[in-house]
Amino acid sequence: MHPDREPSWTPPADAGEQPRQVRRILRLFRPYRGRLAVVGLLVGASSLVSVATPFLLRETLDVAIPQGRTGLLGLLALGMILSAVLAGVFGVLQTLISTTVGQRVMHDLRAAVYGRLQRMSLAFFTRTRTGEVQSRIANDIGGMQATVTSTATSLVSNATSVVATIVAMVALDWRLTIVSLLLLPLFVWISRRVGNERKKITTQRQKQMAAMAATVTESLSVSGILLGRTMGRSDSLTESFATESERLVDLEVRANMAGRWRMAVITIVMAAMPAVIYWTAGIALRFGGPEVSLGTIVAFVSLQQGLFRPAVSLLATGVQIQTSLALFQRIFEYLDLPVDITERERPVHLDSIKGEVRFEDVEFRYDDKGGPVLDGIDVAVPAGGSLAVVGPTGAGKSTLGYLVPRLYDVTGGRVTLDGVDVRDLDFDTLARAVGVVSQETYLFHASVADNLRFAKPDATDEELRAAAGAAQIHDHIAALPDGYDTIVGERGHRFSGGEKQRLAIARTILRDPPVLILDEATSALDTRTEAAVQEAIDALSADRTTITIAHRLSTVRDADQIVVLDSGRVAERGSHEELLDRDGRYAALVRRDAQLQPTN
């Protein structure tokens, strides 16, 4: 399996600055500020209703019961019941709206990350493990669910409740309020320490989850299972996964236990505060202090108990926010990835595409550290013409083909389509203009028809059959029990390599692009099938520009122009006969190819 590889891009030095990050998180909620305002009103109303109950209780204990005023007692009791009902209704509405907003924010994040990744160049995916990408979308965003769906509302709700309760406590007795709040600064300091500790552990945990996801994606794919079984590595892969899982167990335990004892101390102290209030009131009364009525003491303790729940929750929310900052930072890293291949501000749109392709003094290198993969390439392919690119492995053949649809962008010179630099064209024009059949065929785990319609969603059944027929695969599909509704399996493993190649060719034929890039498109076919498919490709190439990249030279003999690449440079060019007459590199490749051909 591949070693762990993180994206080569790293965030700027100030990316972890908390104030900036918090402001960015708050901006995620901006589109929903109207709904959040309603939540704020509900929170305020719920807090006012909740703090009203202790005052009703004081009147009950100090006035209604001692004076035998049954009418007042009934009204006060009804008020307490009504307060509970209103608080419950407000709570349900508040949860509904806040959860909806949170889920919309989650959706926005998932869509933004996925959209960003869709815009990344091919180079990004060649250096990043698939499992790492999946983990960012699934685990990291999923891990933020509690934060974006309930934490924000909980923060506002608990903060409002704490403020309203403290005001009510001061209204009842300011001296007892001071006693109750003496330890609050200490509690805040402890919660911040716990939050920072959990944030660090969460970062490690998410990285470990990403590593596990990558291991699962690679080793439990069809290709991974085949490799593991045939190499006798199933047991070692299981042991490796168990080791990764064991590391995650340790991090999960540490994450859950971080600061638990310190938070437990806070809980114990706050739970003991009613006893402190009773003791303080008793001592004050014993030594001639101001007298406090029984109703006031009970109402105050009731408020204090009401303060206990939101205060502890508020501290826990602060810890949760600190922890979630690590997840947000990982998501923002992907959202901030620089997009190498973008549209111009005012791109060129071509309604009619002839298909002339030119490579003008093209240079390409993957990064500044390495040498050029392509250097000084000057090749012209007229509309409807055919170009074959051959050469040894690593000569830059596939890279040259990928420059036309902008899977990579040139680092020097330019590539033009109908005289327009492909970097100046809009993506829609490029997608319509250039079709690619690569040597690594990819099929979705869906039906044959769905895989073909990926190229043209509105294609009719007749068009599907015509494209499949041109690719010499229709008869095979028709003979299957479910025909075009047959599920191809994970990455198309229910089909042979040659059948998958023909399906890929049919998919590109269905799209009918003016320019075809055939990157080893017939490499997986046997000689007989290759000849049949090549015949279909030759017939289709009559009205379109075709660039064929090949190792097996039997597929390129009839090309209008053949270019031999060597170490990223054009070593030879000409027709098949011209190059044979020169008896150079191409002739040597032809002789090598002839020796490798099987003999009957």
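Quick caveat, the model's predicted, so the values are computed rather than measured. Reckoned from all heavy atoms, side chains included, excluding hydrogens, waters and symmetry mates.
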Could you grab the distance from atom [atom1] of [X] to atom [atom2] of [Y], nearest 0.5 Å is fine?
| X | Y | atom1 | atom2 | answer |
| --- | --- | --- | --- | --- |
| L510 | I505 | CG | CD1 | 13.5 Å |
| L407 | L430 | CG | CG | 9.5 Å |
| L109 | F328 | CG | CZ | 6.5 Å |
| R502 | E499 | CZ | CD | 5.5 Å |
| D558 | S575 | CG | OG | 10.5 Å |
| L464 | R507 | CG | CZ | 12.5 Å |

Do you know which two heavy atoms are closest between [X] and [Y], and how far apart they sit?
| X | Y | value |
| --- | --- | --- |
| P514 | A433 | CD-O, 3.1 Å |
| V563 | R573 | CG2-CB, 4.2 Å |
| P405 | V434 | CB-CG1, 3.9 Å |
| I477 | A468 | CD1-CB, 4.3 Å |
| I562 | A559 | CG1-CB, 4.2 Å |
| Y586 | H576 | OH-ND1, 2.7 Å |

Do any N or O atoms from the side chain of [X] and from the backbone of [Y] form a donor-acceptor pair under 3.5 angstrom?
| X | Y | result |
| --- | --- | --- |
| Q561 | A380 | yes |
| D519 | V437 | no |
| T545 | G384 | yes |
| D378 | D361 | yes |
| R569 | D566 | no |
| K500 | L443 | no |
| E363 | P372 | no |
| T429 | L425 | no |
| R432 | L350 | yes |
| T546 | S386 | no |

Is there a side-chain contact between [X] and [Y] (heavy atoms, below 4.5 Å)?
| X | Y | result |
| --- | --- | --- |
| V564 | V570 | no |
| T548 | L387 | no |
| V339 | M120 | yes |
| Y484 | H474 | yes |
| L400 | V373 | no |
| F364 | D375 | no |
| Y334 | R116 | no |
| I547 | L516 | no |

[X], [atom1] atom: more than 12 neighbouring heavy atoms under 6.0 Å:
| X | atom1 | result |
| --- | --- | --- |
| R585 | CZ | no |
| F454 | CZ | no |
| R414 | CZ | yes |
| Y114 | OH | no |

Side chain to side chain contact (heavy atoms under 4.5 Å, CB included) evaluation trace for T508 with L518:
CA-CA 10 Å; T508 304; L518 302 172; over 6 Å; no

List the steps and the verdict of side chain to side chain contact (heavy atoms under 4.5 Å, CB included) for T416 and F359.
CA-CA 7 Å; T416 67; F359 300 89; over 6 Å; no

Test log, rule side chain to side chain contact (heavy atoms under 4.5 Å, CB included), inputs D421 and V415:
CA-CA 6 Å; D421 192 321; V415 178; 5.7 Å; no

Check R344 with D426, please: is the shortest side-chain N to carboxylate O separation under 4.0 Å?
no

L417, V422, D424 screened by side-chain contact (heavy atoms from CB on, under 4.5 Å) with V420, the one that passes
D424

Passing option when R119 is tested against L337, I341, T342 for side-chain contact (heavy atoms from CB on, under 4.5 Å):
T342

Can you pull out every salt bridge (charged side-chain N to carboxylate O under 4.0 Å, His left out) where at least one residue sits in residues 398-411? Sequence neighbours excluded, please.
R406-D409

What pairs meet the salt bridge (charged side-chain N to carboxylate O under 4.0 Å, His left out) rule with one or both residues in residues 447-459, with sequence neighbours excluded?
R453-D461, K456-E463

How are the rings of Y366 and Y408 set to each other: parallel, tilted or perpendicular (split at 30° and 60°)?
perpendicular

Let me see the working for R24 and L335 under side chain to side chain contact (heavy atoms under 4.5 Å, CB included), right down to the final yes or no.
CA-CA 12 Å; R24 188 170 183 181; L335 289 176; 4.0 Å; yes

